[in-house]
Amino acid sequence: IINPSVQLMNFFNLFSQGVGQGGNMILAKDHSLMKQLMTQYRQNQHPQLLEQINALQKGIVSTSLKSYGVGVAINVACAITLYFARKEITQLFISEDKGDALHRIAETTLWINGLGLVADAMRIISGCVLNTWDRILFPNVVSFILMSAIGIPLNYWVAKDKGNDYESGA
């Protein structure tokens, strides 16, 4: 049942990983330069250094937001594609002789996991981007909240509701 979802989610999560690592590489260079400039500023309080630090800070925020935007946009497009192609994708992985109920469950699992791509993209990209800043606690807390505190109860609720539909043949 979950084979289509597992196969495709691994593939689509590579997009988020790529966007996050790309942002991380750009930010690492800027962050390193900003640390050097801040050390120099603490030593001699030169106003020109402060202007450079502020410009770097704006660039870092801009790059971070662009990384999030690109990652979310790609994953929203993937989720929409998964939703509209769910029947065809399921047919690629599960033969017709398995029955309609199994196909409906697999299709539902596919689009629900497609929705999870967007939250997963935010989690993966924030982990990569904040890693540059030596800030790893926040992404882990966000990951726990999104995947455990929200994800598990939400999946249970959706599965319970859909389970009744499948039992009744709807």
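Only this structure's heavy atoms are used, side chains among them; waters, hydrogens and symmetry mates stay out.
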Gly23 and Ser67: which non-hydrogen atoms are nearest, and at how many Å? CA-OG, 3.6 Å
d(Gln43 CD, Gln40 CD) to nearest 0.5 Å is 7.0 Å
Which value, rounded to the nearest 0.5 Å, describes the distance between Gln36 atom CD and His31 atom NE2? 11.0 Å
Are Leu33 and Tyr41 co-members of a hydrophobic cluster defined by side-chain heavy atoms under 4.5 Å apart? yes
Could you see if Ile26 belongs to whatever hydrophobic cluster contains Val70? Use Ile, Leu, Val, Met, Phe, Trp, Tyr and a side-chain cutoff under 4.5 Å. no
Taken to the nearest 0.5 Å, the spacing of Met34 CE from Gln57 CD works out to 4.5 Å
Distance (rounded to the nearest 0.5 Å) between Met38 CE and Leu56 CG: 10.5 Å
Using the side-chain hydrogen bond (donor to acceptor under 3.5 Å, both in side chains) criterion, which residues pair with Asp97? Sequence neighbours excluded. Ser95
So how far is it from Lys58 NZ to Thr63 OG1, rounded to the nearest 0.5 Å? 14.0 Å
Using the test side-chain hydrogen bond (donor to acceptor under 3.5 Å, both in side chains), find all partners of Gln48 that sit at least two apart in sequence or belong to another chain. none
Other residues, nucleotides and ligands only: do more than 12 of their heavy atoms fall within 6.0 Å of CG on Asn44? yes
CE on Met122 to CG on Leu117, rounded to 0.5 Å: 13.0 Å
Report yes or no: do Ile94 and Leu110 belong to one cluster of Ile/Leu/Val/Met/Phe/Trp/Tyr joined by side chain heavy-atom distances under 4.5 Å? yes
Throw together a table of side-chain donor-acceptor distances under 3.5 angstrom for residues 71-87, partners on residues two or more places apart or in other chains.
residue	atom	partner	partner atom	Å
Asn75	ND2	Ser16	OG	2.9
Asn75	ND2	Gly71	O	2.7
Thr81	OG1	Ala77	O	2.8
Arg86	NH1	Tyr83	O	2.5

What about Met25 and Ile125, same hydrophobic cluster or not, with Ile/Leu/Val/Met/Phe/Trp/Tyr joined at side-chain heavy-atom distances under 4.5 Å? no
